[in-house]
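Structure first, then comments.
So you know, we letter chains A, B, ... as the sequences are listed, proteins then strands, and number each from 1. Not measured: the values here are computed from a predicted model.
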Amino acid sequence: MPELPEVETVANGVHARVAGQRIVRVWTSGKPQTFKTPEAEIAEALTGSAIDSVRRVGKTIVMTVRCKNKPTEFLIHLGMTGRLLVSQSDVPIPPHTHAILTLADGREVRFIDPRRFGRLSIHRAVVSSGQRTTDNGQPTSYTGPGREPLAISLDDFVALFRNRKTPIKAALLNQSLLHGVGNIYADESLFSAGIRPRRQAGRLTRDELTRLRKALIDVLRHAIKLGGSSVSDYVDADGVRGFFQLQHKVYMRTGEPCLVCGTPIKRITLAGRGTHFCPNCQR
DNA sequence: ACTATGTCCTGCGAGC
DNA sequence: TGCTCGCAGGACATAG
């Protein structure tokens, strides 16, 4: 499933391929749950505009487009099985394609999502009580619900979990605290930090949280370097699979020996998610 | 204000 | 072989 490293890989790949291109036509599938913003509104916002940039915020891909000098942000959340591909128009359209942006040079940005947990929307600036949202009068750009795991300071990281009774794994998955962390990297970073997923977030020591933050940053950076994890059917902007899944230490390794101590990896369900850990290395 | 749980959706693999 | 069934999970709604 696409988490921070996968989304970053896709966003960077799409940016490199389409930045500066004009969108000449927009097609959408009509599957209502895919569209958080009505399809007609998305088509209207994107058609005729030029793509400024494509970047990642949390697990969301933010495509900034410009029409008559007015910037608009197109948000693409890949959900579980979403893909964002840049294809030549003669490449057959895969099943479960929900949106196609046709570019001026004929190529197509395609959003494909079999399980339909992905979401497409237009981000509009939130303007409250007549106030301008930024100094220059531009709409506020999308920042996501939580903090960036790769940018947060240690003090802020520690403060996020203070007084929380929920298990640390559930807290890591909570996008309004940190955004971008999903099931794979929650399990992997907890293993690397030697912390059991069920530990109460608010009871972790500063030392443990220091280790966890470092583990999380290291594992995310490493995964980005390898192009992300290809589990489920994640692929990058060209349809190429990532390689980080070959380096998972605990995720989906139930019963297999821990790579550090040999103890069989245990699997429990936590926050409704499969959770994998080494009962010996993680305390 | 938190926390926990159910729901969406399709593909895949296990089991018979 | 071909079928059914259960499971996978990110975000959100709802309940406690």
Checklist entry - the helix from B:dC2-C:dG16 to B:dC16-C:dG2: angle between its terminal axes, five pairs each, to 10°? => result 40°

Checklist outcome for this item: note: A:Lys59, atom NZ; C:dG9, atom P; distance rounded to Å ~ 11 Å

Next on the checklist: Does either side chain, that of A:Ser176 or that of A:Asn174, offer a donor lying less than 3.5 Å from an acceptor on the other one?
Outcome noted: yes

Checklist entry - Roughly, in whole Å, what's the span from CZ in A:Arg83 to P in B:dC9? => result 20 Å

Next on the checklist: Under 4.0 Å, counting only non-hydrogen atoms across every strand here, what does A:Lys36 touch: a base, just sugar-phosphate, or nothing?
Outcome noted: sugar-phosphate

Checklist entry - Salt bridge check: are A:Lys214 and A:Asp218 linked by an N-O gap of less than 4.0 Å? => result yes

Checklist entry - Taking side chain as C-beta onward, heavy atoms only, is A:Pro197 less than 4.5 Å from A:Pro167? => result no

Checklist entry - With respect to the phosphate group of C:dA8, does any side-chain polar atom (N or O) of A:Tyr251 fall under 4.0 Å of OP1 or OP2? => result no

Item to check | Earlier contact from the 5' end, DNA chain B, for A:Gln33 and A:Gly272 | outcome: A:Gly272

Item to check | Those residues of residues 142-163 of chain A lying under 4.0 Å from DNA chain B by at least one heavy atom | outcome: none

Next on the checklist: Whether the side chain of A:Gln175 engages the backbone of A:Val181 through a donor-acceptor N/O pair (distance < 3.5 Å, no angle test) should be reported.
Outcome noted: yes

Checklist outcome for this item: note: A:Leu270, atom CG; B:dA4, atom P; distance rounded to Å ~ 9 Å

Next on the checklist: Rounded to whole Å, please give me the gap between CZ in A:Arg267 and C1' in C:dA8.
Outcome noted: 9 Å

Next on the checklist: Is there a side-chain contact between A:Pro279 and A:Lys266 in this structure, where contact means two heavy atoms from C-beta onward sitting under 4.5 Å apart?
Outcome noted: yes

Checklist outcome for this item: From the candidates B:dA4, B:dT10, C:dG10, the one with an atom nearest any side-chain atom of A:Thr166 is B:dA4

Next on the checklist: Between P on B:dA4 and CD1 on A:Ile268, what's the gap in Å once rounded to a whole number?
Outcome noted: 13 Å

Item to check | Length of the NZ-C1' vector between A:Lys169 and B:dT3, whole Å | outcome: 17 Å

Checklist entry - Can A:Asp113 and A:Arg83 be counted as an ion pair, charged N to O under 4.0 angstrom? => result no

Item to check | Phosphate contact (C:dG10 OP1 or OP2) by A:Gln175 side-chain N/O below 4.0 Å | outcome: no

Checklist entry - Looking for any heavy atom pair under 4.0 Å, which part of the strands does A:Arg164 touch: base, sugar-phosphate only, or nothing? => result sugar-phosphate

Checklist entry - Just by distance, do the side chain of A:Ser29 and the backbone of A:Lys31 share a donor-acceptor pair under 3.5 Å? => result yes

Item to check | OP1 or OP2 of C:dA11 under 4.0 Å from side-chain N/O of A:His77 | outcome: yes

Item to check | Single-linkage hydrophobic cluster, 4.5 Å side-chain cutoff, A:Val62 and A:Val86 together | outcome: no

Next on the checklist: Can you say whether a donor on the side chain of A:Arg273 sits under 3.5 Å from an acceptor on the base of C:dG10, or the other way round?
Outcome noted: yes

Checklist entry - OP1 or OP2 of B:dG11 less than 4.0 angstrom from a side-chain nitrogen or oxygen of A:His96, does that happen here? => result yes

Checklist outcome for this item: From NE2 of A:His276 across to P of C:dC7 the rounded distance in Å is 14 Å

Checklist entry - NA contact type, A:Gly274, heavy-atom cut-off 4.0 Å: base, sugar-phosphate, or nothing? => result sugar-phosphate

Checklist entry - With the threshold set at 4.0 Å, does a side-chain nitrogen-carboxylate oxygen contact exist between A:Glu208 and A:Arg199? => result yes

Next on the checklist: When you compare the ring of A:Phe117 with the six-membered ring of C:dG9's base, are the centres less than 5.5 Å apart and the planes under 30° from each other?
Outcome noted: yes

Checklist entry - Is there a donor N/O on one and an acceptor N/O on the other, under 3.5 Å, for the side chain of A:Arg115 and the base of C:dA8? => result yes

Checklist outcome for this item: Winner on side-chain proximity to A:Met80, out of B:dC2, C:dG10, C:dG9, is C:dG9

Checklist entry - Strictly by modelled atom types, are A:Glu148 and A:His179 linked by a side-chain donor-acceptor pair under 3.5 Å? => result yes

Next on the checklist: Are A:Leu150 and A:Arg221 packed together at the side-chain level, in the sense that at least one heavy-atom pair is separated by less than 4.5 angstrom?
Outcome noted: yes

Checklist entry - Rounded to the nearest Å, what distance is computed from the CG atom of residue A:Leu173 to the P atom of nucleotide B:dT5? => result 14 Å

Checklist entry - Closest nucleotide of DNA chain B for A:Ala170 versus for A:Arg119: which of these residues is on the 5' side? => result A:Ala170

